[in-house]
J.: 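Structure incoming, see below.
In this chain, residues are counted from 1 in sequence order.
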Amino acid sequence: MAHKGFFNAFNDVWMLDGVRTPMVDYCGALGHISPTDLGIKAAREALARNGVNPADIGSVITGNMAPGDFDQFFLPRHIGLYAGVPQDVPAIMAQRICGTGFELFRQAGEQIEAGACDAALVVGTESMTRNPIAAFNHRTGFKLGAPVGFKDYMWEALKDPAAGINMIQTAENLAKKYGISREDVDQFASDSFAKAVAAQEAGFFDGEIVPVVTEKFEVEGLKPRGIKLQGKVTSVDRDTHPRLSPVEVLAKLKPVYEGGVQTGGNSSALVDAAAACIVTSGAYAKANGKTPAARVVAAAAVGVPPEIMGIGPAPAIRLLLERTGLQLSDIGRFEINEAQGAQTLAVGRELGLDLAKLNVNGGAIALGHPLACTGVRLTLTLARELRRSGLRYGISSACVGGGQGIALLIENPDAA
């Protein structure tokens, strides 16, 4: 059955090299840094690495989920301005929860194909640590004897009140639907950790990471801002969550729900990070002597039942394949966000996916899932992996809370 949803086919949209900060564990060395400043850091480095003049940028498209400071409303504008993009260039914040980073590429493609700009700055940034403790019902004061409404914003955001379910329960639903055992999920998680550690030790991630150091961001006419690391830390240059995690160790962890398959060890890690890419027209890349990292071929977004939201990548990927005329076997690599282990395995079983092609450098269980940053990070990693392996097509994808899926198809321009 054909799935309803958005589909975009792009004729001449290209991704130049991107960059990301290290992904650092919750309450770690990046925990005190505003997501705006993490985004500025990634944006500046993406422009510098590609040798792109900030004046060439015609649109700034950013993503950020949870407010990490009181000036979050200005995050898109501040990232653009402090990256050196001209003041007359507009900036926007897009939000599709865990699919936000992919949505940034989709919107950049639409703008470029429509002739609105020749080059877009795409930035996803997230501080999971700085998710606030918030209240929404005290503007008129605290009533005598009434409960105080402050709650953990991040924990509460995991719940979908429409379906009366939280994200971990949606994964448990998929585990039951697809016959996925606790042993299956722990093995998948252990493999994710092992692949991430191997990639890290081989230096694969070094090519996409910019070290975070203490520095100022100064632009004429604006108040200085910047990053100041704490204590004796002078540089943060590695992802911190990957560690070898044998199945027998993971098996000792208590499930979130009694009798369930999901634990803290086989679910995505909480990390802080930002990632940025430059997306351009082919004409811009050619005229300016740029070598693209990938062609952005198509994007698809679909809706699925909220109670099994994690299956979202499957119909999104199917829609991509149906509309582009490709087969699953034509895709050399997949980067599917590991929101929860059972969720990713369910997508694999639904599609009949060869898991040897999936997340070959580890996934979010090992590396982390900084919400709005994730889609940019996955697509960047995918483009680099396609070029390393000499494969032509790759798909990056994620499920989306509330019941959605989103996917991008990219092509390696150097593939034979």
Side-chain angles (χ1 to χ4, degrees), residues 5-19 42-43 46-47 50 52 56-63 76 79-80 85 89-96 98-124 275-288 290-302 313 316-317 319-326 331 335 372-384 386 392-398 400 404-413:
F6 288 139
F7 174 81
N8 301 89
F10 302 119
N11 295 317
D12 194 30
V13 176
W14 300 84
M15 168 186 161
L16 305 188
D17 279 340
V19 67
L47 290 163
N50 285 293
V52 170
D56 291 349
I57 298 296
S59 182
V60 177
I61 310 172
T62 69
I79 287 177
V85 175
V89 173
I92 191 171
M93 181 106 81
Q95 193 262 66
R96 204 188 284 272
C98 302
T100 295
F102 308 94
E103 177 66 18
L104 306 182
F105 284 102
R106 194 187 74 80
Q107 292 200 18
E110 284 189 339
Q111 291 185 18
I112 289 167
E113 295 271 277
C117 66
D118 289 319
L121 173 61
V122 162
V123 184
C277 284
I278 312 298
V279 182
T280 76
S281 66
Y284 174 89
K286 185 176 181 180
N288 290 275
K290 307 303 178 189
T291 302
R295 182 169 78 93
V296 183
V297 180
V302 303
I317 290 169
L319 183 57
L320 273 183
L321 297 175
E322 287 170 8
R323 298 294 294 275
T324 58
L326 295 173
I331 311 303
E335 287 286 338
C373 170
T374 287
V376 183
R377 198 286 292 179
L378 287 174
T379 307
L380 166 61
T381 299
L382 177 62
R384 297 182 64 251
L386 289 177
R392 183 176 182 185
Y393 288 117
I395 289 177
S396 57
S397 184
V400 179
Q404 295 187 76
I406 190 167
L408 291 178
L409 173 66
I410 65 172
E411 181 180 14
N412 173 12

J.: Using a 4.5 Å cut-off on heavy atoms from C-beta on, say whether the side chain of I57 contacts that of I278.
T.: yes
J.: Evaluate E113 against N11 for side chain to side chain contact (heavy atoms under 4.5 Å, CB included), listing each step before the verdict.
T.: CA-CA 8 Å; E113 295 271 277; N11 295 317; 3.9 Å; yes
J.: G18 and C277: which non-hydrogen atoms are nearest, and at how many Å?
T.: CA-SG, 3.6 Å
J.: Before you tell me yes or no, could you show the steps for Q107 and Q111 under side chain to side chain donor-acceptor pair (under 3.5 Å), namely the whole-Å CA-CA distance, both residues' side-chain angles and the distance that decides it to 0.1 Å?
T.: CA-CA 6 Å; Q107 292 200 18; Q111 291 185 18; 4.7 Å; no
J.: Would you give the length of the straight line joining atom CG of D12 to atom CZ of F10, rounded to the nearest 0.5 angstrom?
T.: 12.0 Å
J.: Which pair of non-hydrogen atoms, one from A43 and one from V123, has the smallest distance, and what is that distance?
T.: CB-CG2, 3.9 Å
J.: Measure from the side-chain N and O atoms of D118 to the backbone N and O of S281, and report whether any donor-acceptor pair falls under 3.5 Å.
T.: no
J.: Quick check: do P76 and M93 have side-chain heavy atoms less than 4.5 Å from each other?
T.: yes
J.: Can you find a heavy atom in the side chain of V376 that is under 4.5 Å from one in the side chain of F105?
T.: yes
J.: Hey, could you give me the CH2/OG1 distance between W14 and T291, rounded to the nearest 0.5 Å?
T.: 11.0 Å
J.: Side chain to side chain contact (heavy atoms under 4.5 Å, CB included), that's the test. Do V13 and E110 meet it? Break it down for me.
T.: CA-CA 9 Å; V13 176; E110 284 189 339; over 6 Å; no
J.: Determine yes or no for a side-chain-to-main-chain donor-acceptor pair under 3.5 angstrom, with Q95 supplying the side chain and T100 the backbone.
T.: no
J.: How about CZ on F7, more than 12 heavy atoms from neighbouring residues, nucleotides or ligands closer than 6.0 Å, or not?
T.: yes
J.: So which heavy atom on V302 is nearest to which on A316, and how close?
T.: CG2-N, 3.8 Å
J.: If every non-hydrogen atom of N8 is compared with every non-hydrogen atom of R106, which pair is closest and at what distance?
T.: OD1-NH1, 3.0 Å
J.: Indicate yes or no for a side-chain donor-acceptor contact from K290 to the backbone of Y284 under 3.5 Å, with no hydrogens or angles considered.
T.: no
J.: Mind listing the closest non-hydrogen atom pair of N50 and D17 along with its distance?
T.: ND2-O, 2.6 Å
J.: Roughly how far, to the nearest 0.5 Å, is the CD1 atom of I317 from the OG atom of S397?
T.: 4.0 Å
J.: Roughly how far, to the nearest 0.5 Å, is CG of L378 from CD1 of I395?
T.: 13.0 Å
J.: Determine the minimum heavy-atom distance between P292 and A285, stating which atoms define it.
T.: CG-CB, 4.2 Å
J.: Output the distance between atom CZ (R392) and atom CD1 (I331), rounded to the nearest 0.5 Å.
T.: 10.0 Å
J.: Hey, does N288 have a side-chain heavy atom less than 4.5 Å from the side chain of D56?
T.: yes
J.: Can you tell me if T62 uses its side chain to pair, donor with acceptor, with the backbone of G124 under 3.5 Å?
T.: no
J.: Could you go through the side chain to side chain contact (heavy atoms under 4.5 Å, CB included) check for I112 and C117 one step at a time?
T.: CA-CA 5 Å; I112 289 167; C117 66; 4.0 Å; yes
J.: Test side chain to side chain contact (heavy atoms under 4.5 Å, CB included) on I61 and V279 and set out the steps.
T.: CA-CA 10 Å; I61 310 172; V279 182; over 6 Å; no
J.: Do L409 and L326 have side chains that get closer than 4.5 Å, going by heavy atoms?
T.: yes
J.: Out of curiosity, F6 CZ to I406 CD1, how far, rounded to the nearest 0.5 Å?
T.: 10.0 Å
